[in-house]
Q: 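Quick one: structure below, then a few questions.
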Amino acid sequence: MRWTQTFIPTLKESPADAEILSHKLLLRAGLVRKLTGGLYTFLPMGLRALRKIEKIVREEMDRAGGIEVLMPALQPPEIWQQSGRYETARDVLFKVRDSAKREWVLGPTHEEVITHLAANEINTYRQLPKNFYQIQTKFRDEIRPRFGLMRAKEFIMKDAYSFDTTDEGAMASYKKMYDAYTRIFARCGLQAFPVEADTGVIGGNHSHEFVVPAETGEDNVAFCEACGYAANIEKATSGLPKTAARDVGPEIEKFATPGVVTIEALSKEPYKVAANRQIKTLVYIADGKPVLILIRGDDQLNEAKFKARSGAVEARPADVKSEADLAHFQKLGAMPGSLGAVKNVPSDWKVYADERLRGANDMTTGANEDGFHFRSVSMERDVKVTDWFDLRTVNVGEPCPKCAKSLKIRRAIEVGHVFKLGTKYSEKMGALFVDEGGKQHPAVMGCYGIGVTRTLQAVIEQSNDKDGIVWPVSVAPYTVCLTPLAVAPESPVMQLAEKIYAELTAKGIDVILDDRDERPGFKFKDSELVGFPLRLAIGEKSLAKGEVEIKPRAGQILAVKAEDAVAKLLELIEAGTPKV
RNA sequence: CGGAGCGUAGCUCAGCCUGGUAGAGCACUUGCUUUGGGAGCAAGACGUCGCAGGUUCAAAUCCUGUCGCUCCGACCA
């Protein structure tokens, strides 16, 4: 390709609406342009990089036994009602109406469609296992699209769905995808690693995210450098001990705490109740019903864990400013700051307590009477707990749950997610097969996603320098930028450039010939901004010595004999391609 | 949905407080010079100042509303 024949609108300055580096570089290097918030046009350089990622994904999915299909983005709402997600995922569902006023859904994901297909087409164990995948555009009504391609209303995803006859089979399918993902990200030149993850609304019981460490990421990941434990903060646990039991204290005792409504105030004079001897009582509205959540005073509730453990689809703190919620507090008899679960808890309210409180005694908590607390509270004796869950958020420095060394936390970008789904969808949508004995069972499913457009941006986020993008060879829009410093067709410089261009093209190398009649510095800056892994500069000065210059994007200039240039480039390309 | 900020040339921004005929740099067009790290000079073209009301002799500027964008939070497969 000749530079003048394609379209690479580079920018010297960053557009004002880009905040993070990778977003700025996407725009500055002319990879994408914004249509409106969360919607982008891919320009030639962005599209080529995207296609290269897709090719890697496709090759690895095929190698892992995936079967490529293409499902409709426009879907009937009925299948979403059947799976139950018409309600649970309603916030992200784009809905449209046709001319007959009938409603349709723009697919945010495809469990419903593929399970519908499986229900119709898979009948016998002889047809299993199967793993279908596609690379396709998804639509999600994100409340707040962010950071360019990182969180967009419309994006490209590789999604795969496995169907197995048994749990063990499903785990084997899961493992295959896990391994394929490891290879895919490695081949994309990305430092990505798997972390244990929450399954969220999608359901299921076993899940890993593949994340790329980056300060601009939206996920927090807890990890242990000693043993390799890594988990999303929504899932992570630590090896902290439970609250130490003390000698069984006397009966609970009410005491006056006028004006004291915070853990901190109660920990000071004259009360001096350490935060780790307090029970924090939160009123939450879970799927419309009030519940109490108890965690230790020095811990923070992890809402994701609460939803995952309790099965609640929606959960939010009750708000005293809302009249409906205020009634709940009145029922308990106190406002936040004096709440507790010892007395006055309506019998139909569920009470969830964090595991760390199990067995705790000699605790202090609100008396459900403004201005009063109870002391000498025993969880066992005085509180009726519906369910015990791990509900607290892990903090930096806590002991690793596996090896007890210190945990670290860092931000990361989620680029892939693998789930073992079980039979949630196959049961609801009738994806059944008959076994050897003629008995019917729901297929055991898994689903596996890679955010292809997000992966593209993650590569840029992780691979850049002050001059621009530094593409890994495997996903660069062009591998070699051929830069003749004179472009008149009859000049020796341009004639040599044309010759090398033809030779590299014949070898199957993606090469772009910068045939613009621009000054050298301008062309160098542009090629570095776009980030081609290798640049071959041909100028009169060096050519007088029979030499040309190879500049690896992240390395030093190499002067090589003109006749050796192609061989040297091929060698560098080979050396720069990740071996998986 | 709550909070904050911003909408002026293709891009980055100034002008707004204190109302008086719309600016700079980059990019673009033409010419000359320059030619190994985002060139110089000259000439030129490019705007319903997001939109709609209002106040005023007069509005980019003040007021009201509205739309859009960005960030923080909430939410998030």
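In what follows, chains carry the letters A, B, and so on, assigned in the order in which the sequence lines appear, proteins first and then strands, with residues in each chain numbered from 1.
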Q: Measure CD1/A:Ile143 against P/B:rA74 and give the value in whole Å, please.
A: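 Atom CD1 in A:Ile143 sits about 11 Å away from atom P in B:rA74.
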Q: Between A:His206 and A:Tyr174 (judged by ring centroids, cut-off 6.0 Å), do the two rings come close enough to count as a pair?
A: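 Judged by ring-centre distance (under 6.0 Å), A:His206 and A:Tyr174 do meet the cut-off.
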Q: I need the single residue from A:Leu496, A:Ile500, A:Val511 that forms a side chain to side chain contact (heavy atoms under 4.5 Å, CB included) with A:Leu536. Which is it?
A: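 When side chain to side chain contact (heavy atoms under 4.5 Å, CB included) is applied between A:Leu536 and each of A:Leu496, A:Ile500, A:Val511, only A:Ile500 qualifies.
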Q: If we take the P atom in both B:rC72 and B:rU29, what is their distance in whole Å?
A: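 My reading of the P atoms in B:rC72 and B:rU29 gives 38 Å.
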Q: Can you give me the N/O atom pairs linking the protein to nucleotides 28-32 of chain B at distances under 3.5 Å, or say none if there are none?
A:
none

Q: Taking everything shown except A:Lys280 itself, do over 12 heavy atoms lie less than 6.0 Å from its NZ?
A: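 Counting other residues, nucleotides and ligands, NZ of A:Lys280 exceeds 12 neighbours.
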Q: Does a side chain donor of either A:Glu461 or A:Ser22 reach within less than 3.5 Å of an acceptor in the other side chain?
A: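 Yes, because at least one side-chain N or O of A:Glu461 sits under 3.5 Å from a partner of the opposite role on A:Ser22.
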Q: Can you check the A:Met494 CE to B:rU35 C1' distance for me, whole Å?
A: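 Interatomic distance, CE of A:Met494 to C1' of B:rU35: 16 Å.
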Q: Roughly how many Å apart are B:rA60 and B:rU48, using the C1' atom of each and rounding to a whole number?
A: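 That atom pair is separated by 12 Å.
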Q: When the side chains of residues 477-494 of chain A are checked against the rest of the protein, which donor-acceptor pairs come out under 3.5 Å, sequence neighbours left out?
A:
unit_1   : atom_1 : unit_2   : atom_2 : d
A:Tyr478 : OH     : A:Arg48  : NH1    : 3.4
A:Ser491 : OG     : A:Ala488 : O      : 2.8
A:Ser491 : OG     : A:Met494 : N      : 3.2

Q: Give the rounded distance in Å between these two atoms: CG of A:Leu39 and C1' of B:rG68.
A: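 The distance from CG of A:Leu39 to C1' of B:rG68 comes to 13 Å, rounded to the nearest Å.
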Q: Write down the partner of B:rC62 under the Watson-Crick or G-U wobble criteria, each distance required to be under 3.5 Å.
A: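 Paired with B:rC62, as far as the under-3.5 Å criterion goes, is B:rG54.
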Q: Take atom CZ of A:Arg151 and atom P of B:rC69, then tell me their distance rounded to the nearest Å.
A: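 Rounding to the nearest Å, CZ of A:Arg151 and P of B:rC69 are 17 Å apart.
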Q: For nucleotides 3-6 of chain B, which of its nitrogen or oxygen atoms have a protein nitrogen or oxygen under 3.5 Å away, and what is each distance?
A:
none

Q: Start at the 5' end of RNA chain B and walk down; is the nucleotide closest to A:Arg316 or to A:Gly539 reached first?
A: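 The 5'-side residue here is A:Gly539.
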Q: Which is true for A:Pro15 with a 4.0 Å heavy-atom rule: it touches a base, it touches only sugar-phosphate, or it touches nothing?
A: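 Sugar-phosphate only.
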Q: If the condition is ring pair (Phe, Tyr, Trp, His ring centres under 6.0 Å), which residues does A:His110 pass it with, not counting sequence neighbours?
A: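 Scan of A:His110 (ring pair (Phe, Tyr, Trp, His ring centres under 6.0 Å), adjacent residues dropped) gives none.
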Q: Please give the distance between the P atoms of B:rG40 and B:rU21 as a whole number of Å.
A: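 Nearest-Å result for B:rG40 against B:rU21 at atom P: 33 Å.
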Q: For A:Glu68, does the CD atom have more than 12 heavy-atom neighbours from other residues, nucleotides or ligands under 6.0 Å away?
A: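 Counting neighbours around CD of A:Glu68, more than 12 heavy atoms of other residues, nucleotides or ligands fall under 6.0 Å, so yes.
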Q: Which nucleotide, in any strand shown, forms a Watson-Crick or G-U wobble pair with B:rU21, with both distances under 3.5 Å?
A: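 Pair assignment: B:rU21 / none.
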Q: Would you list the protein and nucleotides 70-72 of chain B atom pairs, both N or O, that sit under 3.5 Å from each other?
A:
unit_1 : atom_1 : unit_2   : atom_2 : d
B:rC72 : OP2    : A:Arg144 : NH1    : 3.3
B:rC72 : OP2    : A:Arg144 : NH2    : 2.7
B:rC72 : OP2    : A:Arg146 : NH1    : 3.2

Q: How about A:His116: does its NE2 atom have over 12 heavy atoms from other parts shown lying under 6.0 Å from it?
A: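 Atom NE2 in A:His116 is not crowded, with 12 or fewer foreign heavy atoms closer than 6.0 Å.
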Q: Pairing check on B:rG31: which nucleotide meets the Watson-Crick or G-U wobble criteria with it, both distances under 3.5 Å?
A: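 Its partner is B:rC41 (Watson-Crick or G-U wobble, both distances under 3.5 Å).
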Q: Going by purine N1 to pyrimidine N3 plus the second Watson-Crick contact, or the G-U wobble pair, all under 3.5 Å, which nucleotide sits opposite B:rG2?
A: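 Because both required distances fall under 3.5 Å, B:rG2 counts as paired with B:rC72.
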Q: Base, sugar-phosphate alone, or nothing: which one does A:Glu303 contact when heavy atoms must sit under 4.0 Å apart?
A: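 Result for A:Glu303 = sugar-phosphate.
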Q: Does the plane of the ring in A:Phe185 sit parallel, tilted or perpendicular to the ring in A:Tyr181? Use 30° and 60° as the thresholds.
A: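 Geometry flag for A:Tyr181 against A:Phe185: perpendicular rings.
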Q: When the aromatic ring centroids of A:Tyr161 and A:Tyr448 are compared, is their separation below 6.0 Å?
A: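 Between A:Tyr448 and A:Tyr161, which both carry aromatic rings, the centre distance is not below 6.0 Å.
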Q: I need the CZ-P distance between A:Phe7 and B:rG10, as an integer number of Å.
A: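 Answer to the nearest Å: 15 Å.
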Q: On a whole-Å scale, what distance lies between the P atoms belonging to B:rG31 and B:rG23?
A: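 Approximately 28 Å lies between the P atom of B:rG31 and that of B:rG23.
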Q: What's the CD1-P distance between A:Ile285 and B:rC75, to the nearest Å?
A: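 It is 14 Å, rounded to the nearest whole Å.
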Q: Shorter than 3.5 Å, N or O on both sides, protein versus nucleotides 37-46 of chain B: list them out with atom names.
A:
unit_1 : atom_1 : unit_2   : atom_2 : d
B:rG37 : O4'    : A:Gly521 : N      : 3.4
B:rG37 : O6     : A:Arg535 : NH2    : 2.9
B:rG37 : N1     : A:Glu528 : OE1    : 3.4
B:rG37 : N1     : A:Glu528 : OE2    : 2.8
B:rG37 : N2     : A:Glu528 : OE1    : 2.2
B:rG37 : N2     : A:Glu528 : OE2    : 3.2
B:rG38 : O2'    : A:Lys12  : NZ     : 2.7
B:rG38 : N1     : A:Asp526 : OD1    : 3.2
B:rG38 : N2     : A:Asp526 : OD1    : 2.8
B:rA39 : OP2    : A:Arg519 : NE     : 3.4

Q: Would one find more than 12 heavy atoms of other residues, nucleotides or ligands at under 6.0 Å from atom NZ of A:Lys350?
A: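 Atom NZ in A:Lys350 is not packed in, count stays at 12 or less.
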Q: For the ring pair A:Phe193 and A:Phe210, is the centre-to-centre distance below 6.0 Å?
A: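 Aromatic pair excluded; centres sit 6.0 Å or further apart.
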Q: To the nearest 0.5 Å, what is the distance between CG on A:Asp299 and CZ on A:Arg392?
A: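 Between atom CG of A:Asp299 and atom CZ of A:Arg392 there are 4.0 Å.
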Q: What is the distance from CD of A:Glu142 to C1' of B:rC1, rounded to the nearest Å?
A: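 The answer, rounded to whole Å, is 16 Å.
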Q: Determine whether a donor-acceptor pair (N or O, by modelled atom type, separation under 3.5 Å) exists between the side chain of A:Arg454 and the backbone of A:Met150.
A: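 Here the side-chain-to-backbone pair exists.
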Q: For A:Ser14, answer base if it contacts any base atom (sugar-phosphate contacts may also be present), sugar-phosphate if it contacts only those atoms, and nothing otherwise; contact means non-hydrogen atoms under 4.0 Å.
A: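 Result for A:Ser14 = sugar-phosphate.
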Q: In Watson-Crick or G-U wobble terms, both distances under 3.5 Å, what is the partner of B:rC26?
A: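 B:rC26 is paired with B:rG10.
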Q: If I pick the C1' atom on B:rA22 and the same atom on B:rA4, what distance separates them, to the nearest angstrom?
A: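 B:rA4 and B:rA22 have their C1' atoms separated by 29 Å.
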Q: Using atom P of each nucleotide, how far apart are B:rC41 and B:rC49 to the nearest Å?
A: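 Straight-line distance between the two P atoms is 32 Å.
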Q: Starting at atom CD of A:Glu414, determine the distance to atom P of B:rC76, rounded to an integer number of angstrom.
A: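 The answer, rounded to whole Å, is 13 Å.
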Q: Take atom CD in A:Glu103; do more than 12 heavy atoms of anything else shown fall under 6.0 Å from it?
A: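 Counting other residues, nucleotides and ligands, CD of A:Glu103 exceeds 12 neighbours.
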Q: Taking atom C1' in both B:rA9 and B:rC46, compute the distance separating them and give it to the nearest angstrom.
A: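 Nearest-Å result for B:rA9 against B:rC46 at atom C1': 6 Å.
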Q: Rounding to an integer number of angstrom, what distance separates B:rC57 and B:rA14 when you compare their C1' atoms?
A: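 These two C1' atoms come out 29 Å apart once rounded.
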Q: Looking only at the side chains, is there a donor atom on one of A:Asp390 and A:Thr237 sitting less than 3.5 Å from an acceptor on the other?
A: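 No donor-acceptor contact under 3.5 Å links the two side chains.
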